[in-house]
Asker: 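Sending over a structure as C-alpha cells; questions will come in a sec.
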Amino acid sequence: MARYNPASAEPKWQQRWDDARCFEADKDPSKPKYYVLEMFPYPSGKIHIGHVRNYAMGDVIARFKRAQGFDVLHPMGWDAFGLPAENAARDNGGHPREWTYGNIEVMRGQLKRMGLAIDWTREFATCDPEYYVHQQKMFLEFWKKGFVERRESLVNWDPVEMTVLANEQVIDGKGWRSGAPVERKSMSTWFFKITERADDLLEALDDGRLAGWPAHVKEMQRNWIGRSEGLTMTFPLSGEDLPAEHQGLPIYTTRPDTLYGASFLGIAPDHPLAKHYAAKDHAVADFISECQALGTSEADIEKAEKKGFALPVMGRHPLTDEELPVYIANFILMQYGTGAIFACPAHDQRDLDFARKYGLAVKPVIKPKDGHETDLKIADQKSDPTDDGRTEAYVGPGTMINSGPFDGLPTDEALPAAIAKIAELGWGEGTTNYRLRDWGLTRQRYWGCPVPVILCETCGAVPVPEDQLPVRLPEVGPEEFKTPGNPLDRACADEWRICTCPKCGGPAQRDTDTMDTFVDSSWYFARFASQPDDKPVDTEQADAWLPVQQYIGGIEHAILHLLYARYFMRNMKDCGYTDVDEPFTNLFTQGMVTHATFQDEDGQWLFPEQVELAGGKATSNGAPVTIGAIEKMSKSKKNVVSPEKIADAYGADAARFFMLSDSPPERDVEWTESGVEGAWRFANRVYETVAKGEGLLAADTPIPDELPDALKAIRKEAHKTIDSVTGDIEGFRFNKAIARLYEFLGTLKGVKADGDAAPVAAEALRTLTQLTAPFMPHLAEECWELLGGEGLCCDAPWPVVEDDLLTDDVVTLPVQVNGKRRGEIQVAPDAPQDQVQDIALAQADVARFVEGKTVRKVIVVPGRIVNVVVS
RNA sequence: GCGGGCGUGGCGGAAUUGGUAGACGCAGCGGACUUAAAAUCCGCAGCCAAUGGCGUGGGGGUUCGAGUCCCCCCGCCCGCACCA
C-alpha cells in the first residue's frame with residue numbers, strides 16, 4: 001500500500017485551497033463572523049518553531065470555526081519597522097527597507113508551507129506607506145483631540161541605541177534591547193496621555209469586559225497601572241534662600257492616617273528643591289550625583305542602604321506645628337507621586353531604617369490589633385518618650401493613638417478622616433496616583449513611521465497638512481547606517497528635513513523622530529478587518545469583525561503591546577473609527593518551545609543535528625556530549641531546530657501536530673525528534689486506516705437503524721470522540737483533543753469496511769478525517785479524497801453529535817469497601833440503587849472483604865461508584 | 001518584600017471538578033517479520049517484601065470517599081519591585 005507522502009500532498013492541497021480561495025473572509029454575509037488572530041511576526045529573517053506553534057494554534061481555531069459555519073477572518077501581516085533592520089544595514093550594508101521586504105518574502109514562503117488557513121489578500125507590512133499614512137493621520141487627530149502632546153521631560157536615553165525608551169522598555173535600569181544602563185535626559189518628545197485613561201483601562205480588567213483573558217495577564221496589567229488612593233498635601237517650608245515656589249512642599253501619601261507620626265520630610269534626589277540647593281552647595285550636588293550613580297539599576301536594591309542629606313530648611317506640620325527636618329533621600333522616586341514624602345518611621349520600614357540611621361524621632365500612632373500588643377512597648381528613650389527602640393515598623397491596621405482628634409479611631413476610618421481634615425484646612429486633597437506613566441511614543445531612529453509634524457521657530461510644532469501625507473522616509477545612502485544615531489538628523493536628510501512652515505511660511509524643520517513600533521502594532525488588527533484607501537478603517541466594515549474574538553500570542557506581550565492596543569482602541573473610538581473599546585475579547589498566551597542543550601567536552605554548544613542520541617547517551621562524532629538544561633530555544637546555545645528541515649523530513653502536518661500534542665498550549669513544550677516522529681507515525685496510521693474505506697463516502701449508503709453490537713460500539717466511539725474533541729478544541733485543550741484522536745484511531749485498528757460494516761466504517765473514517773483536519777489539514781484532504789468525499793475536506797461542515805449515541809447501555813462501576821477499590825460490577829446506568837447495592841455486595845471480590853463484618857452503609861453514586869462501609 | 005501560578009510514573013502530561021489515579025504520547029522492555037538492522041506490527045509496563053500493601057512535595061484535618069476542599073510546612077516558576 002502506498003504511504004502518505006507529505007512532500008507531494010502538501011503543496012498540492014495548498015494550491016487547491018489557493019485556487020478555490022477557501023480562506024478569504026467576507027464571502028458570505030449570511031454567516032456569523034469570527035475573527036481569530038495570532039500576534040503578527042516581526043520579519044527577522046526566518047520563521048522559527050515558536051511561530052509554528054503560535055500559528056498552528058490559531059489555525060486549528062480558524063479551521064474549526066470555519067467548519068462550524070462561521071465566516072472566519074484569519075489574516076497575516078508584518079510588524080515591519082524597528083531597529084534590527086537598521087542594525088542589519090549597519091552590519092551588512094544595504095538599506096533597512098531591502099532587508100525588511102527581503103525577509104518578508106522569505107518568511108511568507110515559509111509560512112505558506114505550513115498550510116495555514118490564512119486570508120492572504122489582506123496582508124500588509126507596517127512599513128508600507130499605505131499603512132502608516134493612516135497612522136500619521138490618526139496621530140494628528142489624536143493631537144487635535146488632546147490625546148497626544150509634545151512636552152519637555154526627562155526621558156530614558158539608551159546611549160547605545162541612541163534613542164529614547166518608554167518606561168516599559170527599561171528593565172532593571174537597562175535598555176530592553178541593548179542592555180546598556182539607561183541615562184536620564186531632558187528632551188522635547190511626544191507622549192500619548194495614557195494615564196488619562198488609566199481608570200478605564202483598570203476598570204475593564206474587573207468589570208467583565210475582559211472575562212476572556214487569563215487572570216495572570218490582567219493581574220500584571222493591574223500591577224503595571226498601579227493605582228493607589230491617597231492624599232496630596234503641602235507642608236509649609238521655611239529656611240535660608242528659599243524661593244517663593246519652594247515655600248510649600250507638596251507630598252503624596254497613601255497613609256494619611258499616620259500623619260501625626262510624621263518625623264521628617266523627604267524629597268527625591270532629582271526633585272527641583274534638591275536642584276535648587278545643589279546649585280549653591282557642592283556637598284548637595286555631590287550627594288545627588290552619588291545617588292544617581294547608584295541608580296535604580298542595583299539588583300539588590302532591597303539591601304541598598306538608606307542615605308540622606310539634610311537641607312537647611314525646616315517643614316512645619318500643619319496639624320501639630322512641630323518642626324520637621326527636610327532630607328534628600330535616596331529611596332524616594334521623582335517619578336512617583338510628587339517626588340516628596342512625609343515620613344512616619346513607626347509605620348513604614350524604609351522611613352524607620354532612615355530614622356534609625358539619622359537618629360530621628362519614631363512616634364507610634366497606631367496601636368496594633370489584638371495579638372500584636374507586644375509590638376508596641378512605650379519605653380524610655382531620650383529622643384522621644386514613645387520610642388521603644390524597635391527596628392521593625394508596624395504597617396498593619398489598629399487603633400489610632402497620639403493622633404489628636406483621631407485617637408481611638410480604627411485606621412480604616414482615620415484614613416478618610418485625615419484626608420477630610422487636611423482638605424478642610426486647605427492644605428491638600430484626596431488624590432489618585434498611578435504607577436503608569438504617559439507613553440513616550442517617539443524614537444530617534446530612521447526605520448519607523450515619521451512623526452508628521454513640522455517644527456517652526458515662530459509657530460512651534462505644526463501638523464503636516466493632510467494633503468501632504470504620508471510623510472515618507474527620505475532615501476539616504478547605505479553608509480548613513482554605519483554611523484551611530486539617527487540619519488534623519490543629519491545632512492543626508494536635509495532635503496527632506498528642511499522645509500517651510502505650513503502656517504507662517506517661515507523656515508522650519510521636520511520632526512526627525514519616528515514612532516515607537518508599538519504604535520504600529522496598536523491598531524493593525526483593525527486594519528486587517530477593513531482597509532480603505534482614504535481612511536484607517538471603514539467603521540461599519542471594521543466593527544463587523546471587531547473585536548478580535550480570539551487573540552493568541554506570547555506572554556511577553558502581557559503588558560506593553562496588550563495595554564497599548566487597549567489604549568489606542570479607545571482613542572480610535574473617541575475619534576469615531578469604531579464602537580469598540582476592548583480590541584481582544586478572548587486572549588490566549590501560549591508557552592514557548594524549548595529544547596535540550598548540548599555541549600562538547602570543551603564546553604562548546606552543539607546544534608541538535610550534531611548530536612546522536614542512543615540509549616540515553618549523547619555523542620557527537622563519537623565524542624561524549626553533555627546534555628544540559630531544557631531551555632527556550634536561542635541562537636547562542638544552538639538549541640534550535642529549523643521548521644523548514646522538519647517540514648522536509650516529516651511534513652508540515654507532523655510539525656504542527658506535535659507542537660500541539662505534547663503539552664497544554666499555555667505551557668512550554670519541549671521539542672524532541674522522537675516526538676515529531678510519533679506525529680509522523682500517527683499520520684501514516686490514519687492514512688492506512690482510511691485507505692481501507694476507499695470510495696466509501698461516494699457510495700453514500702445510509703446507516704441502518706438496527707446494528708450488531710460491534711458496529712454500534714464503533715458508532716458510539718465515533719460520536720463520543722466528536723463530542724470530546726469539539727469540547728477540547730473550544731477549550732484550547734489541544735493536547736487532550738489529540739489524545740482522543742489517538743484513542744479513536746486505536747479503536748478503528750481492525751475495523752472492517754466492507755459488507756454490512758461499510759456504512760458504519762464510512763461514518764467512522766469520515767469522522768476521523770474531519771476531526772484530524774484542523775491539526776493535519778493536508779493529510780485530511782488526502783484522506784477525504786481517498787474516501788470519495790465531496791469537494792474539499794476544509795469546506796465540509798463539522799460533524800454533529802447524535803446525543804443518544806453518547807450514553808451506554810451498561811456501565812462498569814467500581815466497588816469500594818471502606819474506600820478501597822475491591823471489585824467492579826456491570827449494571828444499567830439507570831438501575832435502581834437497591835439493585836446496584838445487591839449486585840455489588842454479591843460480587844465475589846467485594847464479598848470477600850465484607851464477610852464477617854457488619855455493613856454500616858452502602859453509598860451508591862449512580863453511574864460513578866459504589867462504596868460499602870463496614871466495621 | 002508584594003502579587004500570581006505550580007508540585008502526579010523514567011519524561012511530557014490525563015483524571016468528567018469530591019467518586020476506578022496515571023488516559024494519550026515519548027522513552028523502556030518482550031515478541032513477530034528480517035540473514036541482519038531500520039521501519040512496521042502485536043504485547044508488557046507506578047512502586048514494594050505481590051491473593052496483600054504503599055502511592056499525587058511533607059505533615060495534619062474534613063468526608064463513606066481527597067490529586068481535587070481546609071490548616072501548617074518545604075520546594076520550584078513567573079510578574080512587579082525603595083511606588084510613600
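Letters A, B, ... are given to chains in the order of the sequence lines, protein chains preceding strands, and every chain is numbered from 1.
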Asker: Taking O4'-C1'-N9-C4 for purines and O4'-C1'-N1-C2 for pyrimidines, is rA15(B) syn (within 90° of 0) or anti?
Answerer: anti

Asker: How is Lys218(A) classified with respect to the nucleic acid when contacts are heavy atoms under 4.0 Å: base, sugar-phosphate, or nothing?
Answerer: nothing

Asker: Tell me whether rG9(B) sits syn or anti, counting syn as a glycosidic angle within 90° of 0.
Answerer: syn

Asker: Whole angstrom is fine here: how far is it from CD in Glu743(A) over to C1' in rA23(B)?
Answerer: 6 Å

Asker: Look at all strands and tell whether Ser663(A) reaches a base, only sugar-phosphate, or nothing, counting heavy atoms closer than 4.0 Å.
Answerer: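 Ser663(A): backbone/sugar contact only, no base atoms under 4.0 Å.
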
Asker: If you check every side-chain atom of Ile859(A), which of rC64(B), rA27(B), rC83(B) has the closest atom?
Answerer: rC64(B)

Asker: Would you kindly say whether Tyr742(A) and Ser661(A) are connected by a side-chain donor-acceptor distance under 3.5 Å?
Answerer: no

Asker: Based on the glycosidic angle (syn within 90° of 0, else anti), state the conformation of rU34(B).
Answerer: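 Anti, angle beyond 90° from zero.
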
Asker: Can you confirm whether Asp270(A) sits close enough to Ile288(A) that some side-chain heavy atom of one is under 4.5 Å from a side-chain heavy atom of the other?
Answerer: no

Asker: Give the rounded distance in Å between these two atoms: OH of Tyr336(A) and C1' of rA81(B).
Answerer: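 Taking atom C1' of rA81(B) as the reference, OH of Tyr336(A) is at 13 Å.
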
Asker: What I'd like to find out is whether the side chain of His595(A) reaches to under 4.5 Å of the side chain of Val641(A), using heavy atoms alone.
Answerer: yes

Asker: Do the side chain of Lys306(A) and the base of rC82(B) come within less than 3.5 angstrom through a donor-acceptor pair of N or O atoms?
Answerer: yes

Asker: Counting only side-chain heavy atoms from C-beta out, which of rG3(B), rA84(B), rC24(B) sits nearest to Tyr742(A)?
Answerer: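 For the Tyr742(A) side chain, the nearest candidate turns out to be rC24(B).
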
Asker: Could you check whether Asn433(A) and Ser228(A), counting side-chain N and O atoms only, form a donor-acceptor pair closer than 3.5 Å?
Answerer: no

Asker: Figure out the CD/P separation between Gln221(A) and rC78(B), and round it to whole Å.
Answerer: 20 Å

